[in-house]
Each structure stands twice: as structure tokens, then as C-alpha cells.
Amino acid sequence: MRILVTGGDGMVGSAVVRHLLAAGRDVTTLTLPGVTPHAGVRAVFGDARDEAAVTDALDGVDAVAHLAAIPNPLSDPAPVVFANNTQATFTVLWTAAALGVRRFAIASSVSAAGRSFNPHRPLPAAYPVDETMPADLGDPYGLSKQVDELTLGTVCRRFGAAGVALRLPLMIAPSNLELMRRADLASEVGNGWAWLDVRDGAEAFRLALTVPLTGAHVVHLAAAEIFPDGETEELLDRHAPGVPRRRSFAAREVPVDTGRARALLGFEPRFRVPSP
């Protein structure tokens, strides 16, 4: 199986490329001009919004891991964030499916539910958070990820393909542990203080591209425990006292339901919060 990875030079994308290569997969990357590609891959230089570049990168490809995106709404104008992300996802998925590719994994985000960059900081309807809760959107990045999930579903229905939108939480690499320690508790309560090591994220992408499945799916990913110090129940009492809990949470258990990822993909996170 040859896999095309878009956004393979980002933090999560780089982990995905390394993991797929280590698993013995042939990898093509669609890489922006001027960026040094990974060793051991077939690199095509171009933009994920450019149909010609995408078509070139898809030569001989059996599956696509799509991660190319502006990763937040903080550094670019809102129209640029939304247009870039949604156009890239549509171009990559539709072009690939039209050329015969029938397997996809895309980087969605917990932001698709609207609780990350939304200035109103909405809380979920209940804990644990799951994929069935309605979105409460208030920013262009979260909106783009919601549209990306709809695009995946549309492409899979139109072409009889299969794919998974992986809702990634705060992503942590061994080299950027300070992001976890600097994260604001109040702004992350809506996402249940979820996080994930990029190495676990890479394994989730591998599973999403290889396990038997049909149709399009959206799944939450998270490490087994929350990133802040303290116990989950106490933190919920303090930061989300009015939100119902459908069950209790032991110790530092993450209040996010990842059962769908477990059932569909067999995904189990391995990495825990590192010691200070």
C-alpha cells in the first residue's frame, strides 16, 4: 500500500510519516515548495489546494492521510483560514476519489465541536464528551473542520469510499511538553482537558487507513488521563459545576468518550502524562 500524506511536515504529520515508514508502508508526501521533505519518501512539491499538484502526488497511491491545514485561527485572517482548509480538503479527497482511491483518514479536531477557539467558551451538554453532541461554533477554524468532516462524508457516499475523521485534541510531542504545562484550564474544560501524544496520533492514522471498515466516521481521540494536575471530578466541580455527568470519573480519567475509536479502529493510547 502506498499512502499519500499531505501536511507531512507539520508536528503531527511528521509523526504520521515516520510511523508509516516504520510500519513498512510506501509514502508519498505533498510538500510545500522550499520545505525539506522526509528521507525515504516520494516527495511532490505543491499546494494541497492545487488540483494538478494533488493529481501528481496521487500517482500509484492507494490511501490518503490528509493533514494539510492552517492549524488555528490565530495568525491568519478568518477568510484565509476557512477557505484554505476547506478547499484543501475538498481538492485532495475529491481528486483522489475520482482517480480511484477509496480509503481516507483526515485530521479533524475537537474544534469541530466549537469549544476551542470560540470566544464564548461553550461547555458540552454533558460529560463525557462524545461525537454525537451538537456543535456550538464560533470561529473559522472550527467551522472549517466541521465542513471537512462533511466533505469526507460526501466523498465517501459519492464514490463508495471509506474514511475516518480523527478529532484530535491538544497534540503533544516529546519536544513540546511545555504546551501541556502552559495550557489554560478554563479554555480547555470544554474539551475535557484532553490531549494526545503525536505518536499515538500517528498510530491512529495508521489504523484508520488499514482496518476493515465501510463508510465515513468521526471519532474522538484522547489519552487516558487529563493533562492538568488534580483529579477529574474535582476539576469538573470547579470549572464546569453546572454540566451534567453521565457517569463518574476515576482519579485523572479523561472525561471524553473514546469508545468509538476503540470499537472501530482498535485504538488504545499508550502514552501518559510525562513526569515533570
Sub-4.5 Å side-chain heavy-atom contact between [X] and [Y]:
X      : Y      : answer
Trp195 : Glu188 : no
Val219 : Thr258 : no
Val44  : Thr31  : no
Leu166 : Ile106 : no
Val254 : Thr232 : no
Asn84  : Val81  : no

Query raised in the report: Cut-off 3.5 Å, side chains only: do Thr29 and His38 have a donor facing an acceptor?
Result: no

Query - Side chains of Ser116 and Asn191, donor plus acceptor under 3.5 Å - result: yes

Do you know the tightest heavy-atom contact between [X] and [Y]?
X      : Y      : result
Val101 : Ala63  : CG1-CA, 3.9 Å
Lys145 : Ser109 : CG-CB, 4.0 Å
Leu221 : Ala261 : CD2-CB, 3.8 Å
Ala97  : Val155 : CB-CG1, 3.6 Å
Met1   : Thr210 : SD-CG2, 4.3 Å
Pro33  : Phe45  : CA-CD2, 4.0 Å

Does this structure show an ion pair linking [X] with [Y], if we count only N-O contacts that are shorter than 4.0 Å?
X      : Y      : value
Arg245 : Asp237 : yes
Glu131 : Arg167 : no
Arg247 : Glu253 : yes

Can you tell me which residue pairs pass the salt bridge (charged side-chain N to carboxylate O under 4.0 Å, His left out) test with a partner in [range], sequence neighbours excluded?
range            : answer
residues 84-99   : none
residues 52-66   : Arg42-Asp56
residues 110-124 : Arg121-Asp184

To the nearest 0.5 Å, what is the distance between [atom1] ([X]) and [atom2] ([Y])?
X      : Y      : atom1 : atom2 : value
Phe205 : Ile3   : CZ    : CD1   : 11.0 Å
Leu196 : Leu170 : CG    : CG    : 9.5 Å
Leu20  : Arg18  : CG    : CZ    : 11.0 Å
His66  : Ser108 : NE2   : OG    : 10.5 Å

Report task. Answer yes or no for Arg102 and Phe159: cation-pi contact, defined as NZ/CZ to six-membered ring centre under 6.0 Å and angle to ring axis within 45°. Result -> no

Requested in this report: Evaluate the criterion side chain to side chain contact (heavy atoms under 4.5 Å, CB included) for residue pair Glu268 and Arg262; output intermediate values, then yes/no.
Outcome: CA-CA 6 Å; Glu268 294 285 355; Arg262 186 180 306 111; 2.9 Å; yes

Report task. Return yes when atom CD of Glu51 has more than 12 non-hydrogen atoms of other residues, nucleotides or ligands closer than 6.0 Å, and no otherwise. Result -> no

Query raised in the report: Who passes salt bridge (Lys or Arg N to Asp or Glu O under 4.0 Å) against Asp257, sequence neighbours left out?
Result: none

Report task. Could you list the residues that satisfy salt bridge (Lys or Arg N to Asp or Glu O under 4.0 Å) with Arg25, not counting sequence neighbours? Result -> none

Report task. May I ask you to list the residues sharing a hydrophobic cluster with Leu137, side-chain cutoff 4.5 Å, ordered by chain and number? Result -> Phe82, Leu143, Val147

